[in-house]
Number of protein chains: 2
Amino acid sequence: MSWSGRGPDGRRGYHHGNLREALIEAALDLIAKKGAAGFTFADAARSAGVSSAAPYRHFRDRDALIADVARRGFNLLTERLEHAWSEGRPDPFTAFENVGRAYLAFARDEPAYYSAMFEAGLSFDGDPALRQAAERSFAVLRHASELLCARLPPEKRPPALMMSLHTWALSHGIASLFARGDGGRRRLPMAPEELLEAGMLIYLQGLGVIAEPAKPKE
Amino acid sequence: MSWSGRGPDGRRGYHHGNLREALIEAALDLIAKKGAAGFTFADAARSAGVSSAAPYRHFRDRDALIADVARRGFNLLTERLEHAWSEGRPDPFTAFENVGRAYLAFARDEPAYYSAMFEAGLSFDGDPALRQAAERSFAVLRHASELLCARLPPEKRPPALMMSLHTWALSHGIASLFARGDGGRRRLPMAPEELLEAGMLIYLQGLGVIAEPAKPKE
DNA sequence: GCTGCTATGTAAATACCATTTACATAGCAG
DNA sequence: CTGCTATGTAAATGGTATTTACATAGCAGC
């Protein structure tokens with residue numbers, strides 16, 4: 001008998017044993033291949049080797065599975081951003097730029113997560129866990145902004161929250177418009193990372209966070 | 001007989017008479033209500049009062065209809081941006097900011113178009129008409145950037161293309177993250193328009209396009 | 001070890017949707 | 001009036017989401 005033996009999918013028999021995880025992994029694969037819109041619950045079930053009704057034992061519906069992928073994506077993004085920030089080393093300015101680069105790198109390297117997080121049309125309102133995960137990603141950016149702002153004398157110190165929102169919006173805009181691998185977007189005269197770095201340099205100069213021009217050319 | 005009379009949908013009988021337009025209008029309604037992802041070809045056909053196969057006489061498939069809506073959306077956006085730019089009046093700087101505001105206003109006032117244009121996952125590669133329409137929208141921004149840059153002495157003149165890409169990315173990022181009515185996003189301490197205006201002011205200061213601080217507070 | 005509860009799967013049914021095909025009708029050119 | 005072409009319809013195919021009734025495995029307690 002094949003009971004207690006494992007099939008090619010890691011199945012143990014009638015019961016899968018780890019279907020929830022298997023579905024999430026299948027979702028990542030499928031979203032990476034066909035986009036969040038093209039992802040189907042039935043396909044995920046097929047990938048995991050179970051019937052099309054089995055996933056409903058673990059997720060309320062298709063959106064709940066995508067939301068869980070998105071939640072994990074935000075957790076992963078938080079890790080990546082924190083690692084890039086590296087507690088402000090070697091200096092807050094350099095670390096801040098590393099955070100921006102890490103955002104773009106995430107969008108490029110984890111298209112499945114990114115798609116689930118930002119392109120699946122999820123409502124954050126109905127899912128506190130998802131909202132919290134997203135908040136924590138943003139908190140990294142906000143924390144970094146605060147430390148960077150704190151270096152300035154109080155009278156010329158910009159609001160850190162606003163600064164973090166600008167940074168997030170610019171990073172997200174560049175990632176959405178130019179840094180996706182789907183080929184559906186515009187070709188650029190420069191790499192997205194360069195575009196973001198230049199934009200942030202100009203922005204930080206405008207804030208007075210840094211004094212030197214981006215390319216001292218004189 | 002009802003031949004040559006018109007039904008409640010404007011039908012004239014067996015033949016609709018203007019099905020293509022009716023489908024596009026139905027698509028706008030439905031996308032506004034349920035998002036680009038929730039929009040169905042069958043629903044559009046129902047709205048127009050025809051069978052579910054009729055739309056195929058006018059659009060290759062569902063995506064082709066959405067792409068046509070998106071194309072019209074870009075044309076509309078081009079108009080709005082051009083009107084906001086107003087040939088650089090009253091001055092290039094003010095006009096440039098008006099262009100940014102017009103972008104956000106478009107995202108807010110025309111969620112159906114915006115959704116079809118940026119959230120439907122369309123491939124621009126396979127549709128030259130769509131790509132061209134998008135290019136023309138961007139061209140307005142680029143043209144405005146060039147005029148604004150031209151005011152600066154050549155040695156401190158930034159690349160206008162880069163400047164327009166930054167502006168587009170920031171506007172799009174803010175619109176995507178904060179300025180959609182879907183309630184799925186973050187609540188802000190300020191209006192999206194203010195956030196964009198502040199961001200652009202800081203950016204333009206960083207470029208040296210303007211010298212004065214945003215809020216002369218001393 | 002057996003019993004029964006609960007978790008986890010399956011099969012089948014419902015109700016959509018996209019798309020295709022064969023057929024029907026309207027409009028129009030000659 | 002005739003026939004061609006454009007534009008509709010009905011029906012069929014195959015896919016998807018979701019629910020329901022049923023089946024089996026795992027496990028706790030006896």
Side-chain angles (χ1 to χ4, degrees), chain A residues 1-24 26-27 30-31 33-69 116 120-123, chain B residues 1-24 26-27 30-31 33-69 116 120-123:
Chain A
M1 301 297 168
S2 68
W3 296 146
S4 81
R6 286 176 184 262
D9 311 329
R11 291 200 60 167
R12 295 183 315 175
Y14 187 94
H15 283 151
H16 184 287
N18 202 14
L19 183 53
R20 190 182 175 90
E21 287 302 315
L23 287 171
I24 288 172
L30 294 168
I31 292 174
K33 283 178 195 157
K34 309 198 275 185
F39 163 75
T40 74
F41 223 26
D43 233 351
R46 256 190 300 278
S47 292
V50 295
S51 76
S52 64
Y56 290 88
R57 298 293 181 193
H58 299 275
F59 300 97
R60 188 171 37 73
D61 56 18
R62 174 181 171 281
D63 279 356
L65 171 52
I66 297 179
D68 208 66
V69 171
L122 297 178
S123 167
Chain B
M1 300 301 162
S2 68
W3 295 147
S4 80
R6 284 177 187 262
D9 310 331
R11 292 199 60 167
R12 296 182 315 176
Y14 188 95
H15 283 149
H16 185 288
N18 202 13
L19 183 54
R20 189 182 176 90
E21 287 302 316
L23 287 171
I24 287 172
L30 295 168
I31 293 174
K33 283 177 196 158
K34 309 197 275 185
F39 163 76
T40 74
F41 222 27
D43 233 351
R46 256 190 301 278
S47 292
V50 295
S51 75
S52 65
Y56 290 88
R57 297 294 180 193
H58 299 276
F59 299 97
R60 189 172 35 73
D61 56 18
R62 176 181 170 280
D63 279 356
L65 172 51
I66 297 180
D68 208 66
V69 171
L122 296 178
S123 168

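Lettering follows sequence order; numbering is per chain, from 1.
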List every contact pair, protein side and nucleotides 4-8 of chain C side both N or O, where the distance is under 3.5 Å.
unit_1	atom_1	unit_2	atom_2	d
dT8(C)	O2	H15(A)	NE2	3.0

Worksheet item: Just checking A54(A): base, sugar-phosphate only, or nothing, at a heavy-atom cut-off of under 4.0 Å?
Response: base

Practice prompt. Could you list the residues that satisfy side-chain contact (heavy atoms from CB on, under 4.5 Å) with A53(B), not counting sequence neighbours?
Written response: S51(B)

Fill in: Minimum-distance nucleotide (side-chain atoms of Y56(A) versus dT19(C), dA17(D), dT10(C))
dA17(D)

Worksheet entry | side-chain contact (heavy atoms from CB on, under 4.5 Å) partners for A64(B), two or more places apart | F59(B), R60(B), D61(B)

Item to complete: Please report the closest heavy-atom contact between P55(A) and A45(A), naming both atoms and the distance.
Response: CG-CB, 3.7 Å

Item to complete: Go through residues 60-69 of chain A and report each residue with a non-hydrogen atom lying under 4.0 Å from DNA chain C, sorted by number.
Response: none

Discussion item. Can you give me the closest heavy-atom contact between I66(A) and A36(A), atom names plus distance?
Written reply: CD1-O, 4.4 Å

Worksheet, complete the sentence: Shortest non-hydrogen pair, A54(A) vs L19(A), comes out as CB-CD2, 3.9 Å

Worksheet item: So which of residues 33-41 of chain A are in contact with DNA chain D, with a heavy-atom cut-off of under 4.0 Å?
Response: T40(A), F41(A)

Discussion item. Under the rule for ring pair (Phe, Tyr, Trp, His ring centres under 6.0 Å), what residues qualify as partners of F39(B), not counting sequence neighbours?
Written reply: none

Fill in: Integer-rounded Å distance: dG9(C) C1' and F59(A) CZ
15 Å

Practice prompt. With the side chain counted from C-beta on, respond yes when L30(A) and S47(A) share a heavy-atom pair under 4.5 Å apart, and no when they do not.
Written response: yes

Worksheet item: DNA chain D in dot-bracket, Watson-Crick or G-U pairs under 3.5 Å, [ ] crossing, | other strand?
Response: ||||||||||||||||||||||||||||||

Discussion item. Nearest to the side chain of R46(A), heavy atoms from C-beta on, is which of dT16(D), dT20(C), dA17(D)?
Written reply: dT16(D)

Worksheet item: CG/L23(A) to NE2/H58(A) distance, rounded to the nearest 0.5 angstrom?
Response: 7.0 Å

Item to complete: Could you list the residues that satisfy side-chain contact (heavy atoms from CB on, under 4.5 Å) with A42(A), not counting sequence neighbours?
Response: T40(A), R46(A)

Worksheet entry | Residues in side-chain hydrogen bond (donor to acceptor under 3.5 Å, both in side chains) contact with K33(B), at least two apart in sequence or another chain | none

Worksheet item: For residues 13-22 of chain B, which residue pairs qualify under salt bridge (Lys or Arg N to Asp or Glu O under 4.0 Å), counting only residues two or more places apart or in two chains?
Response: R20(B)-D68(B), E21(B)-R72(B)

Worksheet item: Between dG27(C) atom P and N18(B) atom CG, what is the distance in whole Å?
Response: 14 Å

Worksheet item: Hey, what do you get for CG (D43(A)) to CD1 (I31(A)), rounding to the nearest 0.5 Å?
Response: 11.5 Å

Discussion item. Just to be sure I understand the rule, does A53(B) reach a base, reach only the sugar-phosphate, or reach nothing, if contact means heavy atoms closer than 4.0 Å?
Written reply: base

Practice prompt. Taking all heavy atoms of I24(A) and all of L65(A), pick out the closest pair and write down the distance.
Written response: CG1-CD1, 3.8 Å

